[in-house]
Asker: 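Have a look at this one before I ask anything.
As the structure lists them, so they are numbered: ligands from 1, and atoms in each ligand from 1. In this chain, numbering begins with 1 at the start of the sequence shown.
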Amino acid sequence: MLELLEKFTAGFGPAGEEMIITELIKDEITGYCDEIKTDKLGNLIAYKKGKGNKKIMLAAHMDEIGIMITHIDEEGFLRFTPIGGVNPRILRHQKMVFADGTLGTIGVEKLDDIKDLKLEKLFLDIGQDSKDKVEKQISIGDTAVYQKNYYHTGDRIIANSLDDRAGCALLAGLLQEIKEPAHDLYFVFTSQEEVGTRGATTAAFGISPDLALAVDVTDTGDTPEARTMDVKLGAGAAIKIMDRGSISHPGIRKTLEELAQKNDISYQHEVLEFGATDARAIQLSKEGVPSGTLSIPCRYIHSPAEMIDVNDYKSCAQLLERFVTSELLDEI
Ligand code: CO
Ligand code: ZN
């Protein structure tokens, strides 16, 4: 399971350019499903036939945040615009990598006050001293992400893109394991979540599920002077009640809680006061789709050093497996 995590986090895949991740995932799941396809918005959809009671859509997003080049100056410095929720305070002095492996450092203009640190004060330096030289490697519209890194230390994983390759790895792992699902399962590895749950929107329209579960990371409130939040790293799978994009369907929430209790899987309740997941888009498709989110607790989200706990990760995997094989879903 951790092998998948390491493999998937290593792939380059800012929103709109999920092709490499698509191939990595396909590699792992081909042969384990009845049908596999990529839709027109770049969602990878794997279908696994079950006993046919219900059509269940599981969603984890393949894309990650990044930057897109907007301008190259005469001295060879590059300006950029964000792809998704990129924070200038985190970006500063980070190493960024392009699809072709070109590496650069984020520099910053002179600041009189740290409060003036905005994205437009930052530039990317790829080590070339003229526009002509830069243009041999990079064009306007090219994209870069945080340089890839993955460490396993104690019970914790520190890496970038755990948002949401951790979710992708859980889904792919489940697909490899599951023998006889009680329901028809659509494993959807979505595109463009970080720019507004766009892939999930078209995937839900195409599949028309009876109910859906997004699998994504969520923030924690367990670090010094953190914003108050009742999710802790190491305290189990987080069952989302609400975030800024969705209020989880009570039937799905309760089913997850019951299954966790019955099977001794550690879990916690999650209320996130910002952010959203693919559940936001799916629940609003058709005449409404009962939707919820299973969250992997994660510190330092959208940084190059996101952190999860392997025990939480395992709890999420167990709960997910129980969920898709549960007859309780018939009642929702
Ligand atoms: Co994100
Ligand atoms: Zn995410």
Asker: At less than 2.8 Å, would any N/O/S atom of Asp164, backbone or side chain, sit next to the Zn ion (ligand 2)?
Answerer: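 Looking at Asp164, which is the residue asked about, there is no N, O or S atom under 2.8 Å from the Zn ion (ligand 2).
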Asker: Please tell me whether Phe323 and Leu328 are part of a single hydrophobic cluster in this structure, the criterion being side-chain heavy atoms less than 4.5 Å apart.
Answerer: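 In one cluster with Phe323: Leu328, yes.
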Asker: Does Asp163 bring an N, O or S atom to under 2.8 Å of the Zn ion (ligand 2)?
Answerer: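 Given the 2.8 Å cut-off, Asp163 counts as a ligand of the Zn ion (ligand 2).
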Asker: Output, in order, the C-alpha distance, side-chain angles, deciding distance and verdict of salt bridge (charged side-chain N to carboxylate O under 4.0 Å, His left out) for Glu28 and Lys7.
Answerer: CA-CA 10 Å; Glu28 293 294 335; Lys7 181 173 173 182; 2.7 Å; yes
Asker: Does a salt bridge link Glu257 with Arg253, judged by any charged N lying under 4.0 Å from a carboxylate O?
Answerer: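 Answer for the salt bridge query: yes.
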Asker: Should Ser161 and Lys148 be marked as a side-chain hydrogen bond (donor to acceptor under 3.5 Å, both in side chains) after you check the CA-CA gap, both sets of side-chain angles, and the distance that decides it?
Answerer: CA-CA 8 Å; Ser161 329; Lys148 297 296 172 183; 2.6 Å; yes
Asker: Glu109 and salt bridge (charged side-chain N to carboxylate O under 4.0 Å, His left out): which single residue from Arg79, Lys118, Arg92 fits?
Answerer: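 Of the listed options, the one satisfying the test is Arg79.
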Asker: Report the angle formed at the Zn ion (ligand 2) by atom NE2 of His61 and atom OD2 of Asp216, rounding to the nearest 10°.
Answerer: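 Rounding to the nearest 10 degrees gives 90°.
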Asker: If you have a sec, read the angle at the Co ion (ligand 1) from Glu194 atom OE2 over to Asp163 atom OD2, to 10 degrees.
Answerer: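 Value returned, to the nearest 10°, is 100°.
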Asker: With the Co ion (ligand 1) as the reference point, give the N/O/S atom of His302 that is nearest.
Answerer: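 Answer by atom name: NE2.
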